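Because the structure is a prediction, the values reported are computed rather than measured.
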Amino acid sequence: SRSGKKHKDIGLSELDPLPHFDLVIVDEAHNIRNANTWAYRGVELFCRNADAVVFLTATPLQNSNNDLYTLLNLLRPDVIIDKDTFKTMSEPNAFINNLLRIVRNQEEGWQEAGKAEIANILSTTWGRNVIQHNPEFEKIFTFLDRTEVTRDERIEMIGKIEGLHSFHTMINRTRRKDIEDFCIRRTQTVEVPFNGVQRDLYDALIEFESTALA
């Protein structure tokens, strides 16, 4: 960064050689969904010089919008080469998401609705050339002929359907509905007595806060 004054801070891009990272973890990664920002350029520099990169975000991103393209192109430029590649790969994902919703809810007529989404998937270029050859694809079609399924079978099949997603090797999504009570947060307050030093520190902090607020 440059302050505009005589003094200037030397940024990573000006180091020679550039630093190398074993692993870069980007939290709140949706903040770099715009390629025309300094934040994106900074992360891009890290990614170009890292062996491994992980993006984390709890903010939903649409499967076919420009934001997701920007993130995946930065994460895997060897796969998401350009926007045309992204468009071709992402085309069946809306149908895959519909199929997931159908299998999750299992409302009346879900099997036929699921088969209709299978047909939609195969109507796309990526569906015909890639997804159709996925070893799990036939198992999913067979599953749609079932009249009754257990909870465990449904969860297993949801995993197989998610595996059809064009970006499944790059994106991992965790939904509360699927894991149910697996990670319910249970809070518990444990009271312990202060020792002398801890009590002195606590009292000093309370006194400082009271003085500052007054």
Side-chain angles (χ1 to χ4, degrees), residues 1-4 7-94 96-97 99-101 104 126 130-131 134-136 155-190:
S1 65
R2 299 182 186 277
S3 63
H7 172 73
K8 64 179 182 179
D9 297 323
I10 302 299
L12 286 175
S13 63
E14 296 175 291
L15 297 179
D16 185 18
L18 288 171
H20 182 82
F21 305 96
D22 296 325
L23 171 64
V24 170
I25 299 176
V26 182
D27 197 11
E28 304 293 350
H30 56 275
N31 289 321
I32 56 169
R33 63 186 182 271
N34 185 345
N36 298 317
T37 63
W38 284 105
Y40 176 93
R41 292 177 63 181
V43 172
E44 181 185 30
L45 179 66
F46 277 78
C47 293
R48 284 203 312 263
N49 295 279
D51 292 334
V53 180
V54 176
F55 289 168
L56 303 173
T57 180
T59 299
L61 294 168
Q62 296 300 316
N63 286 319
S64 58
N65 69 10
N66 193 61
D67 294 348
L68 186 59
Y69 163 73
T70 300
L71 290 175
L72 293 182
N73 175 252
L74 179 58
L75 184 69
R76 290 297 304 273
D78 57 321
V79 177
I80 311 300
I81 301 170
D82 52 31
K83 287 189 176 181
D84 287 339
T85 302
F86 175 80
K87 183 178 180 181
T88 299
M89 291 181 68
S90 64
E91 191 176 5
N93 291 337
I96 294 171
N97 289 336
L99 179 58
L100 281 170
R101 187 163 48 251
R104 282 196 180 95
W126 191 262
V130 179
I131 295 177
N134 187 312
E136 304 292 354
I155 292 175
E156 179 184 3
M157 195 52 53
I158 286 173
K160 293 183 184 300
I161 296 171
E162 287 181 331
L164 301 181
H165 198 284
S166 307
F167 308 127
H168 79 279
T169 58
M170 291 170 264
I171 301 176
N172 181 280
R173 293 176 174 175
T174 303
R175 295 175 176 85
R176 290 179 180 176
K177 177 182 286 190
D178 293 340
I179 60 177
E180 295 186 354
D181 60 351
F182 177 72
C183 63
I184 293 177
R185 179 178 295 177
R186 297 177 175 86
T187 60
Q188 181 180 3
T189 301
V190 179

Expected output: side-chain N49 to main-chain L45 donor-acceptor under 3.5 Å: yes
Heavy-atom pair with the smallest gap, counting every atom of F167 and I80: CE2-CD1, 3.6 Å
Validation row: T169, V79 side chains within 4.5 angstrom (heavy atoms): no
Side chain N97, main chain L100, donor-acceptor under 3.5 Å: no
Side-chain touch D51/L23, heavy atoms, less than 4.5 angstrom: no
Flag side-chain contact, heavy atom, 4.5 Å: L72 against I171: yes
Atom pair CG (L74) and CZ (R33), whose distance is rounded to the nearest 0.5 Å: 14.5 Å
Close side-chain approach of K160 and M157, heavy atoms under 4.5 Å: yes
Flag if over 12 foreign heavy atoms under 6.0 Å of CZ, R48: yes
For P17, all residues meeting side-chain contact (heavy atoms from CB on, under 4.5 Å), sequence neighbours excluded: none
Exercise: do N73 and T70 side chains pair donor with acceptor under 3.5 Å: no
All side-chain contact (heavy atoms from CB on, under 4.5 Å) counterparts of K83, not counting sequence neighbours: N66, Y69
Minimum-distance pair of heavy atoms, taken over all atoms of A50 and V24: CB-CG2, 3.6 Å
Non-neighbouring partners of D78 that pass side-chain contact (heavy atoms from CB on, under 4.5 Å), sequence neighbours left out: R76
Heavy-atom side-chain proximity of S90 to W126 below 4.5 angstrom: no
Sidechain-backbone polar pair: N93 side chain, S166 backbone, donor-acceptor under 3.5 Å: yes
